[in-house]
2 protein chains.
Amino acid sequence: MARNGNKTKKLLARTALELFVRKGITETTVRDIAAAAGLAEGTLYRHFDSKDELAWELFHTNYTAFAQELDRLQQQYDPLKDKLAAMISQFCTFFDQDPVLFGYLLLAQHTQLKKVTPEMETAVTVLQKVIAQGMARREIPAGEVEVAAAMVLGLVLQVAVFKAYNRITQDLSELSEALVAACWRVLAGD
Amino acid sequence: MARNGNKTKKLLARTALELFVRKGITETTVRDIAAAAGLAEGTLYRHFDSKDELAWELFHTNYTAFAQELDRLQQQYDPLKDKLAAMISQFCTFFDQDPVLFGYLLLAQHTQLKKVTPEMETAVTVLQKVIAQGMARREIPAGEVEVAAAMVLGLVLQVAVFKAYNRITQDLSELSEALVAACWRVLAGD
DNA sequence: AATAAATGAGTGAACGCTCACATCGATTAT
DNA sequence: ATAATCGATGTGAGCGTTCACTCATTTATT
């Protein structure tokens, strides 16, 4: 067993995360990460097989954990509007607590999404499931689930992106209710 | 004067665009581009100063051209809802005509947006201008312009992203009216 | 003393870019 | 008409640098 738990591994992972977000994954070198963590280059390879594996672990761990948290939460609420409110509120909290991690998940999608197997649960699949159920129960008008999910997802996500770029000053959590209201107007249709 | 106009330059630019979208900018080598275009590596440097300049030219040319087209269009319509409909319709057409170019603008943002000066007109600034005007004229309820713009932008953009990933089968243009309706519900509020 | 953790110089491959040279079509001189 | 000349264009081996990764050695912990 490791003497100090996973302290060094966690430090490397967090340092890498921040550099990846600031400079991009490919543009961040292993030397950069080690130097920023105050460690030698070789140390990284004691904890990760490769730079690619580090980037992937950072992505898929948090990506699926977030999806599962959303799913767990969604099951505790009813009807659709309450499910949506709970999920959006959770998303806002997640973002406010760790904007850098959010930035990484967004950034890494382009590279890492290819490695995501179809049976993996993601935030998108949870959202689609919930919307499809809402349509089946006639809580919202029937329509294309994928289109509806894209609209709602984009609406929320882009506000977070603007916040990440400091185009918006409030915390996301303060906007949670406004986001739910807007999403509901989109889904409820006419 | 060039013998064959800019045929080679255009070929290189287009080839680079497609590789950039498929593999990422950093992951695409100058050798890759030249080989895919059926040319030698040195030829690229007859037409572009560097790989970076090529990536930037590809980005900013199309990025600003699209923003200016949106602005030109917006001025021809009134009130806000018609402006919005015209802009969204134009966006859908743009996407349907060249999804790869759209994919590049989306992908390159992370890297290239830092080089965009604040005085450059972008699709975002046009949208914000139009929404601010609509609020001033009381066509829609007053509120945070940035938040409203983010919501509308994300709603439309994410549907395009889903289409780019083949999660949606219809052409974007077929969804144009549904997008306008959804955006209007978001903006019109309660 | 034994073992796990950390080190950093070293390695080979890959990269962006250069440059001396070849090719071609157009222009000018004969 | 023909030849000589020229600049624009294309070529690809080669250069210097950087990168991810390795491994013999040192350091820290029990």
Side-chain angles (χ1 to χ4, degrees), chain A residues 1-61 104 107-108 110-115, chain B residues 1-61 104 107-108 110-115:
Chain A
M1 192 50 197
R3 266 165 278 146
N4 54 358
N6 280 343
K7 221 167 52 186
T8 305
K9 182 168 184 174
K10 289 244 171 91
L11 171 65
L12 281 166
R14 186 67 203 183
T15 307
L17 184 81
E18 282 163 11
L19 287 174
F20 285 164
V21 171
R22 191 177 338 140
K23 312 203 311 170
I25 297 176
T26 315
E27 292 75 12
T28 300
T29 71
V30 173
R31 269 186 258 270
D32 286 340
I33 301 168
L39 293 167
E41 206 178 345
T43 305
L44 190 142
Y45 291 92
R46 229 162 247 297
H47 300 277
F48 301 96
D49 286 346
S50 67
K51 183 185 155 185
D52 268 359
E53 198 237 0
L54 167 56
W56 167 246
E57 182 166 327
L58 236 24
F59 180 76
H60 100 278
T61 303
Y104 180 69
L107 171 80
H110 289 290
T111 336
Q112 311 286 333
L113 222 50
K114 302 163 194 167
K115 304 178 192 164
Chain B
M1 190 52 194
R3 264 166 278 149
N4 54 356
N6 279 344
K7 221 166 52 186
T8 305
K9 183 169 185 174
K10 291 246 172 89
L11 171 65
L12 281 166
R14 187 68 202 182
T15 307
L17 184 81
E18 282 162 11
L19 287 175
F20 285 164
V21 171
R22 186 167 354 131
K23 310 205 308 169
I25 296 176
T26 317
E27 292 76 11
T28 300
T29 70
V30 173
R31 272 184 253 269
D32 285 340
I33 301 168
L39 293 166
E41 209 178 341
T43 307
L44 190 143
Y45 291 92
R46 294 258 174 235
H47 300 277
F48 302 95
D49 285 347
S50 68
K51 182 187 156 184
D52 269 358
E53 198 237 359
L54 167 56
W56 167 246
E57 182 167 325
L58 236 25
F59 180 75
H60 100 280
T61 303
Y104 180 69
L107 170 81
H110 289 290
T111 336
Q112 310 287 331
L113 222 50
K114 303 163 193 167
K115 305 179 192 165

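We name chains A, B, ... by the order of the sequence lines, and we start the count at 1 in each one. Both backbone and side-chain heavy atoms feed into the values below; hydrogens, waters and symmetry mates do not.
One can place CD of B/Glu53 at 14 Å from C1' of C/dG16, the figure rounded to the nearest angstrom. The CD-P distance, from A/Glu27 to C/dC15, rounds to 14 Å in whole Å. Atom-to-atom, NZ of A/Lys9 to P of C/dA5 comes out at 12 Å; the value is rounded to the nearest Å. Rounded to whole Å, the distance from CG on A/Leu12 to C1' on C/dT7 is 13 Å. Rounded to whole angstrom, the span from the CD1 atom of A/Ile25 across to the C1' atom of D/dA20 amounts to 15 Å. Summarising the geometry, the separation between CZ on A/Arg31 and C1' on D/dA20 is reported as 8 Å, rounded to the nearest angstrom.
In this structure, A/Thr8 reaches the C/dA6 phosphate: one of its side-chain N or O atoms is under 4.0 Å from OP1 or OP2.
Counting any heavy atom pair closer than 4.0 Å across all strands shown, B/Thr26 reaches no nucleic acid atom.
Ring-plane geometry between B/Phe59 and B/Trp56 is classed as tilted, the angle between the planes lying from 30 to 60 degrees on a 0 to 90 degree scale.
Under the rule for a side-chain hydrogen bond (donor to acceptor under 3.5 Å, both in side chains), the partners of B/Glu27 that lie at least two apart in sequence or sit in another chain are A/Thr26.
Looking at B/Lys9, its side chain never comes within 3.5 Å of a backbone N or O of B/Phe48 through a donor-acceptor pair.
Sorted by residue number, the members of residues 33-51 of chain B with any non-hydrogen atom under 4.0 Å from DNA chain C read B/Glu41, B/Tyr45, B/Arg46, B/Ser50, B/Lys51.
The heavy-atom pair separating B/Leu107 from B/Gly24 by the smallest distance is CD2-CA, 4.4 Å.
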Less than 3.5 Å apart, which donor and acceptor atoms pair up between the side chains of residues 13-23 of chain B and the rest of the protein, not counting sequence neighbours?
residue	atom	partner	partner atom	Å
B/Arg14	NE	B/Glu18	OE2	3.1
B/Arg14	NH1	B/Asp98	OD2	2.9
B/Arg14	NH2	B/Asp98	OD1	3.1
B/Thr15	OG1	B/Leu11	O	2.6
B/Lys23	NZ	B/Asp32	OD2	2.8

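The environment of B/Lys10 atom NZ is sparse: at most 12 non-hydrogen atoms of other residues, nucleotides or ligands sit within 6.0 angstrom.
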